[in-house]
Protein chains: 2
Amino acid sequence: MQTYRNTKQRTRILEVLRSTDTHPTAAWVYDRLKFEFPSLSLGTVYRNLTILEEQGSVVRIASGSTFDRYDAVVTPHPHFRCLKCGGLYDTKDMSQDAISYPEKTASGHLITKMVLEFHGTCAPCLEKRPASGEMKI
Amino acid sequence: MQTYRNTKQRTRILEVLRSTDTHPTAAWVYDRLKFEFPSLSLGTVYRNLTILEEQGSVVRIASGSTFDRYDAVVTPHPHFRCLKCGGLYDTKDMSQDAISYPEKTASGHLITKMVLEFHGTCAPCLEKRPASGEMKI
DNA sequence: TCAATAATCGGAACGATTATTAATAATGGA
DNA sequence: TCCATTATTAATAATCGTTCCGATTATTGA
Ligand SMILES: [Mn+2]
Ligand SMILES: [Mn+2]
Ligand SMILES: [Zn+2]
Ligand SMILES: [Zn+2]
């Protein structure tokens with residue numbers, strides 16, 4: 001087994017992640033901290049995000065073949081993903097707590113987590129791209 | 001606008017995808033067809049899977065920084081993802097039809113699709129890795 | 001048949017992530 | 001406090017899935 005040490009970099013990476021609800025990428029966290037740590041490496045951000053995930057402090061949200069995103073809110077909750085801009089939002093009005101599921105599927109797969117996402121077009125993108133016939137004059 | 005033409009490659013890619021329920025990757029489809037089309041290019045498989053998705057014949061299942069998977073079953077249904085081996089399964093006993101959701105979220109995001117996944121350890125991996133204390137003698 | 005152009009092939013390019021290595025610094029014990 | 005151990009860092013190279021490119025081929029409608 002391996003013991004974790006506390007570093008300024010890891011502490012700040014977690015703090016930055018806790019300060020936003022935009023589900024940032026590793027590169028976004030890096031850009032936020034590179035002035036505070038002029039010698040910070042992007043690899044360090046990636047490695048620490050992985051360690052924080054192992055420790056249960058953050059959750060990794062896969063985003064197709066593009067970049068992963070991270071969330072410091074580790075309680076299960078659904079997300080809305082915009083297919084136009086790629087934005088990932090919390091949906092304050094919706095929760096996944098009421099959806100129940102068995103410990104095992106009929107095929108014997110052990111379930112430890114449920115992931116729920118809604119896909120579509122986010123409010124800002126709806127403003128920008130009015131559907132044909134709704135164009136403002 | 002652009003018109004689609006019919007090619008042997010695209011036809012067979014769709015047929016191969018319809019012949020399995022393992023939610024294959026582009027590379028898997030390529031391996032299946034490279035003998036039938038000795039000059040087949042992996043790029044051709046990728047491009048056609050994207051076109052088939054545009055046409056609504058297949059669905060892309062994103063898997064973070066690993067490879068994407070494809071499903072020729074385009075009606076919405078949940079999947080089980082094994083965190084040990086990466087396997088992706090249909091869950092015949094579960095459906096997402098009963099879960100209702102609004103057309104728009106409270107924040108005004110337009111919902112067009114719901115994606116539901118269960119994560120855990122699949123039955124074959126449970127066999128292989130018995131939990132401590134359950135080791136067979 | 002024939003021109004227009006979508007699709008293919010092979011390989012290069014790309015972007016996100018991971019691995020490598022030597023230097024650095026956090027940690028626990030003397 | 002000082003020191004030995006070793007986890008962590010920074011810089012960079014390597015990897016990996018995917019997309020793009022240019023030249024060639026094949027489909028399509030007229
Ligand atoms: Mn969230
Ligand atoms: Mn499926
Ligand atoms: Zn958007
Ligand atoms: Zn498995």
Side-chain angles (χ1 to χ4, degrees), chain A residues 1-17 23-55 57-71 81 83 85-86 88, chain B residues 1-17 23-55 57-71 81 83 86-88:
Chain A
M1 194 196 314
Q2 132 131 318
T3 64
Y4 294 114
R5 294 177 181 175
N6 293 321
T7 65
K8 299 179 189 66
Q9 289 90 339
R10 186 177 307 151
T11 302
R12 291 292 293 133
I13 287 169
L14 181 55
E15 285 175 1
V16 163
L17 214 54
H23 311 91
T25 65
W28 188 92
V29 173
Y30 171 72
D31 285 340
R32 274 295 188 87
L33 289 174
K34 66 186 176 190
F35 302 107
E36 188 173 336
F37 302 94
S39 66
L40 183 66
S41 172
L42 183 55
T44 296
V45 176
Y46 274 108
R47 187 170 19 77
N48 276 301
L49 287 170
T50 300
I51 290 173
L52 289 167
E53 188 188 19
E54 289 169 10
Q55 296 178 337
S57 299
V58 309
V59 151
R60 184 194 304 244
I61 304 172
S63 303
S65 55
T66 63
F67 31 78
D68 287 348
R69 294 172 168 277
Y70 290 86
D71 195 341
R81 186 184 301 276
L83 302 178
C85 69
L88 192 70
Chain B
M1 195 193 317
Q2 130 133 312
T3 65
Y4 294 113
R5 294 177 180 175
N6 294 321
T7 65
K8 299 177 190 66
Q9 289 89 338
R10 186 176 308 153
T11 302
R12 290 292 294 132
I13 287 169
L14 180 55
E15 284 175 1
V16 163
L17 214 54
H23 309 91
T25 65
W28 189 92
V29 173
Y30 171 72
D31 284 341
R32 274 295 188 88
L33 289 174
K34 66 186 177 190
F35 302 107
E36 188 173 337
F37 300 94
S39 64
L40 182 66
S41 170
L42 183 55
T44 295
V45 175
Y46 272 106
R47 183 169 19 76
N48 277 303
L49 287 170
T50 300
I51 290 173
L52 289 167
E53 188 188 18
E54 289 168 12
Q55 297 177 338
S57 300
V58 308
V59 151
R60 183 194 305 244
I61 304 172
S63 304
S65 54
T66 65
F67 21 74
D68 287 349
R69 293 171 168 277
Y70 291 86
D71 196 341
R81 186 185 299 276
L83 302 178
L88 193 69

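Predicted, not measured: the structure shown is a model, and the values here were computed from it. Reminder, nothing fancy here: chain letters follow the sequence lines and each chain counts from 1.
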Value rounded to 0.5 Å, distance of CD1 in A/Ile13 from CG in A/Leu17: 9.0 Å
Whole angstrom value for the distance that separates C1' of D/dA26 from CZ of B/Phe37: 13 Å
Under 3.5 Å side-chain donor-acceptor pair for B/Thr50 and B/Arg47: no
Proximity to the side chain of B/Thr7 - top-ranked nucleotide from C/dT8, C/dA25, C/dA6: C/dT8
Touch class at under 4.0 angstrom, heavy-atom based, for A/Lys34 against every strand present: nothing
Step-by-step side chain to side chain contact (heavy atoms under 4.5 Å, CB included) determination, B/Arg60 to B/Leu49: CA-CA 8 Å; B/Arg60 183 194 305 244; B/Leu49 287 170; over 6 Å; no
Between C/dT24 (P) and A/Arg10 (CZ): distance, integer Å: 20 Å
Gap between atoms CD and C1', on B/Glu36 and C/dC9 respectively (whole Å): 17 Å
Under-3.5 Å donor-acceptor pair between A/Ser41 side chain and D/dA11 base: yes
5'-most by nearest nucleotide on DNA chain C - B/Arg5 or B/Ser39: B/Arg5
Between D/dC20 (P) and B/Asn48 (CG): distance, integer Å: 15 Å
B/Trp28 side chain near B/Thr25 side chain, heavy-atom distance below 4.5 Å: yes
B/Ile13 CD1 - C/dT8 C1' separation (whole Å): 11 Å
Phosphate-side-chain proximity, B/Lys8 and D/dA26, N/O vs OP1/OP2 below 4.0 Å: no
Length of the line joining B/Gln9:CD and C/dA7:P, which is rounded to integer Å: 11 Å
Atom pair distance, as rounded to whole Å: CG in B/Leu52 and P in C/dA7: 11 Å
Among A/Val45, A/Leu40, A/Leu42, A/Leu14, the one residue meeting side chain to side chain contact (heavy atoms under 4.5 Å, CB included) with A/Val29: A/Val45
Spacing of CD belonging to B/Gln2 relative to CD1 belonging to B/Ile51, to within rounding of 0.5 Å: 7.0 Å
Footprint string (nucleotides 12-21 of chain C, 5' to 3'): B base within contact, S backbone only, - free, heavy atoms under 4.0 Å: ----SBB---
Sugar-phosphate only, base, or nothing, as touched by A/Thr44 at under 4.0 Å among non-hydrogen atoms: base
B/Asn6 side chain near D/dT28 phosphate (N/O to OP1/OP2, under 4.0 Å): yes
Phosphate-side-chain proximity, B/Gln2 and C/dA7, N/O vs OP1/OP2 below 4.0 Å: yes
Stepwise side chain to side chain contact (heavy atoms under 4.5 Å, CB included) check, A/Arg81 with A/Ile61: CA-CA 11 Å; A/Arg81 186 184 301 276; A/Ile61 304 172; 4.0 Å; yes
